[in-house]
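Treat the numbers as computed from the prediction; the structure is a model and nothing was measured. Order of the sequence lines fixes the chain letters, A, B, ..., with proteins taken first and strands second; residue numbering starts at 1 for each chain.
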Amino acid sequence: MVKEAVDEIVRGTAEIIDKEKIEKLLKEYFEEGKHYYVKAGFDPTAPDLHLGHTVLLQKLATFQKYGGIVQFIIGDFTAMIGDPTGKSETRKKLDRETVLKNAKSYQEQVFKILDPDKTQVLFNSQWIDKLGASGLVELTTLVSVARMLERDDFEKRYKAGKPIAISEFIYPLLQGYDSVYLKSDIEIGGTDQKFNLLMGRQLQRSFGVGKEQAVLMMPILEGLDGVQKMSKSLGNYIGVDEEPNTMFAKVMSISDELMWRYYELLSSKSLEEIEILKEGVKEGKVHPKYAKELLAAEITARFHGDEAAKAAKEEFDRVHKQNDIPSDIAEYELKGPIWIAKALVECALEPSTSQARRDIQAGAVRVDKEKISDKDLHLKEGEYILQVGKRKFAKLKVTK
RNA sequence: GGUGGGAUACUCAAGUGGUCAACGAGGGCAGACUGUAAAUCUGCUGGCUUUCGCCUUCGGAGGUUCGAAUCCUCCUCCCACCA
């Protein structure tokens with residue numbers, strides 16, 4: 001039992017520090033029914049969860065299966081600082097109301113994966129506010145600047161002559177202090193969080209908490225481009241709240257190479273099953289597109305159910321295999337006659353008439369499936385299907 | 001506090017009085033080819049009721065000039081070295 005649980009927890013992880021401790025906690029759960037605390041922090045600035053987040057969430061859910069109580073931290077205080085991700089933008093301080101709103105939205109989405117009965121949702125301002133200026137200074141005495149600069153991200157920026165704000169040094173300290181206050185047994189996060197996660201161990205030691213948290217790191221899920229991490233700001237994400245059709249299509253658009261990565265980190269198939277599939281593709285027995293469809297269907301079904309996933313697949317085939325027009329496209333009504341470029345902007349297919357003109361010249365615009373080249377074209381009364389590129393459609397009714 | 005360097009479009013990065021809506025690279029979008037994959041090749045990549053035209057953009061505010069991203073003044077921010 002313990003071994004199976006450990007195997008399941010280890011699956012897909014990038015690195016585990018103090019694995020023995022995790023094994024011990026699991027053993028105690030199975031033998032004595034003892035629970036333990038697994039901490040994970042989330043930023044309240046982006047309430048739209050995407051698949052990158054679910055890699056962590058699924059791991060948390062696994063812990064819940066085996067006696068873990070999840071400490072789900074909304075970093076409302078730390079959000080004011082902003083995690084030093086290399087972006088130089090100063091974060092706006094979020095007001096209480098927005099944070100609460102975002103937190104609520106988090107919960108709606110998070111509990112699609114986590115078990116609410118085994119989850120504590122906590123705001124870190126609750127204990128950090130109490131720390132006060134003197135407490136904060138106390139905290140800063142525990143870590144040296146040289147130690148801070150060991151952090152990969154800081155080191156790179158420092159060497160590149162990029163600015164680092166003092167407040168950014170405080171971020172890891174506060175995240176570590178969360179672990180002190182909550183007496184966490186395990187903290188999980190992405191590999192990019194390594195420094196912060198280890199800080200939790202160091203501070204627990206410094207404060208004499210009596211235990212040091214084990215640290216479990218998950219790989220960072222690449223976004224649709226396959227290069228950069230999945231993030232909302234880069235626009236390369238698949239949101240958990242997205243429409244089934246969109247979700248399915250987005251998975252289909254990833255590269256074959258990336259598909260295996262997604263399998264490893266997102267699929268609930270066993271590693272053996274995945275390996276068999278991979279071999280099949282490699283030997284030419286299985287078409288890679290088929291393997292991708294399986295994945296797309298599994299992911300879509302997780303958030304929308306089997307029915308919706310099936311419908312999404314059918315829709316995908318309809319549109320792409322048969323080159324048909326999607327069954328459900330946005331409709332607009334405009335007064336005519338109207339200049340084609342303007343119409344495209346009005347139908348939200350193009351951001352500007354200048355861009356529309358360029359696309360017309362590039363041959364990317366179709367009206368009723370016919371490619372057009374006349375950028376001065378005016379649409380008279382009637383109904384048209386407008387298309388830009390391969391995936392943007394709109395139905396337009398031109399009235400008098 | 002002192003000295004020097006820097007701030008250019010999504011990012012990096014050229015440009016040091018007119019030929020600059022601004023080289024180049026990356027990214028992005030589109031076309032061809034495909035499996036709406038990847039790779040490759042090609043085009044585009046500030047806006048405008050319409051484009052051999054007009055308007056806005058080179059950290060901010062003024063100024064010099066027929067004309068400024070480029071010169072001058074002040075301001076803001078960043079970096080390095082010295083204290």
Side-chain angles (χ1 to χ4, degrees), chain A residues 85-90 149 154 156-168 222-229 231-238 245-263 278 281-282 284 286-296 312-326 329 334-366 369-379 386-393 398:
Chain A
T85 49
K87 300 271 175 192
S88 55
E89 276 171 58
T90 318
L149 286 175
F154 287 145
K156 276 190 193 138
R157 277 205 274 164
Y158 190 67
K159 280 188 178 153
K162 295 261 172 67
I164 301 170
I166 299 283
S167 63
E168 297 184 85
E222 291 86 351
L224 299 174
D225 53 70
V227 180
Q228 290 186 279
K229 73 184 248 187
S231 88
K232 199 186 173 191
S233 55
L234 291 172
N236 60 357
Y237 70 105
I238 302 179
N245 288 348
T246 313
M247 200 178 255
F248 192 93
K250 278 191 177 180
V251 177
M252 290 307 288
S253 79
I254 65 174
S255 73
D256 292 357
E257 197 54 37
L258 188 61
M259 162 171 75
W260 299 116
R261 188 83 173 136
Y262 277 35
Y263 257 117
K278 201 171 173 177
V281 170
K282 208 172 154 191
V286 180
H287 195 292
K289 195 187 170 205
Y290 172 73
K292 211 180 286 174
E293 279 171 348
L294 282 185
L295 179 69
K313 185 187 176 313
E314 278 163 18
E315 174 74 5
F316 187 84
D317 285 344
R318 217 176 71 74
V319 176
H320 303 298
K321 268 192 193 147
Q322 295 157 38
N323 227 342
D324 213 339
I325 287 152
I329 57 176
L334 297 169
K335 253 178 85 177
I338 184 164
W339 179 33
I340 179 70
K342 188 76 183 168
L344 292 168
V345 173
E346 290 294 329
C347 294
L349 297 177
E350 293 281 17
S352 68
T353 55
S354 298
Q355 181 63 43
R357 299 166 95 273
R358 277 184 225 116
D359 281 340
I360 292 166
Q361 246 153 7
V365 176
R366 287 164 191 270
K369 289 188 179 180
E370 289 296 319
K371 194 179 277 188
I372 61 159
S373 54
D374 177 14
K375 60 186 188 318
D376 289 341
L377 181 73
H378 280 67
L379 298 175
L386 304 179
Q387 180 183 0
V388 177
K390 283 172 191 159
R391 35 196 118 176
K392 283 184 284 184
F393 293 89
V398 178

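Proximity note for S255(A) (side chain, C-beta onward) versus A38(B), U49(B), C78(B): the nearest is A38(B). Side-chain proximity of R358(A) to the nucleotides C44(B), C79(B), G35(B) is greatest for C44(B). Of the candidate nucleotides G35(B), A80(B), U49(B), U49(B) has the atom lying nearest to any side-chain atom of K342(A). If you check U45(B), C78(B), G35(B) against the side chain of K289(A), the one that comes closest is G35(B).
As a whole-Å value, the separation of K162(A) NZ from A7(B) C1' is 13 Å. Distance, Q361(A) CD to C52(B) C1': 13 Å, rounded to whole Å. If you measure from atom CZ of R357(A) to atom C1' of G47(B), you get 12 Å, rounded to the nearest angstrom. The distance from atom CZ of R157(A) to atom C1' of C78(B) is 13 Å, rounded to the nearest whole Å. Atom NE2 in H287(A) sits roughly 9 Å away from atom C1' in A37(B) (whole-Å rounding). Between the NZ atom of K282(A) and the P atom of A38(B) there is a distance of 22 Å, rounded to whole Å.
Contact check, T353(A) against U49(B): a side-chain N or O comes under 4.0 Å of OP1 or OP2. A close approach under 4.0 Å does not occur between any side-chain nitrogen or oxygen of S352(A) and OP1 or OP2 of G46(B).
With a cut-off of 3.5 Å on both Watson-Crick or G-U wobble distances, the partner of C52(B) is given as none. The partner of U73(B) is A61(B), judged by Watson-Crick or G-U wobble contacts that both fall below 3.5 Å. Pairing for G1(B) goes to C82(B), judged as Watson-Crick or G-U wobble with the two contacts each under 3.5 Å. Pair check for U40(B) finds A32(B); Watson-Crick or G-U wobble, both atom distances under 3.5 Å. C20(B) is unpaired under the criterion used here, namely a Watson-Crick or G-U wobble arrangement in which both key atom distances are under 3.5 Å.
Looking at heavy-atom distances under 4.0 Å, K375(A) makes no contact with the nucleic acid at all. Residue contacts for I338(A): at a heavy-atom cut-off of 4.0 Å it reaches no nucleic acid atom on any strand shown. When heavy atoms are screened at a 4.0 angstrom cut-off, S354(A) is found touching base atoms of the nucleic acid. Looking at heavy-atom distances under 4.0 Å, F316(A) makes contact with a base.
Every residue two or more places apart in sequence or in another chain was checked for a salt bridge (charged side-chain N to carboxylate O under 4.0 Å, His left out) with K342(A), and none qualifies. Every residue two or more places apart in sequence or in another chain was checked for a salt bridge (charged side-chain N to carboxylate O under 4.0 Å, His left out) with R366(A), and none qualifies. Annotation: ring-ring contact (aromatic ring centres under 6.0 Å, His included) contacts of Y262(A) (sequence neighbours excluded): none.
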Assign a letter to each nucleotide of nucleotides 23-33 of chain B from its 5' end: B, base within under 4.0 Å of a protein heavy atom; S, sugar-phosphate only; -, no contact. -------SSSB
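Nearest-nucleotide assignment on RNA chain B puts the 5′-proximal partner with M252(A), out of M252(A) and I164(A).
Listed by first and then second residue, the side-chain hydrogen bond (donor to acceptor under 3.5 Å, both in side chains) pairs that reach into residues 245-254 of chain A are E242(A)-K250(A), sequence neighbours excluded.
For the residue pair Q361(A) / R358(A), no side-chain donor-acceptor distance below 3.5 Å is found, with atom types taken as modelled.
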Taking only distance into account, with no hydrogens and no angle test, what donor-acceptor pairs under 3.5 Å do side-chain atoms of residues 286-295 of chain A form with protein atoms, sequence neighbours excluded?
from	atom 1	to	atom 2	distance (Å)
H287(A)	ND1	K289(A)	N	2.9
K292(A)	NZ	I254(A)	O	2.7
K292(A)	NZ	D256(A)	OD1	3.0

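You'll find the side chain of R157(A) reaches within 4.5 Å of the side chain of E168(A), heavy atoms only.
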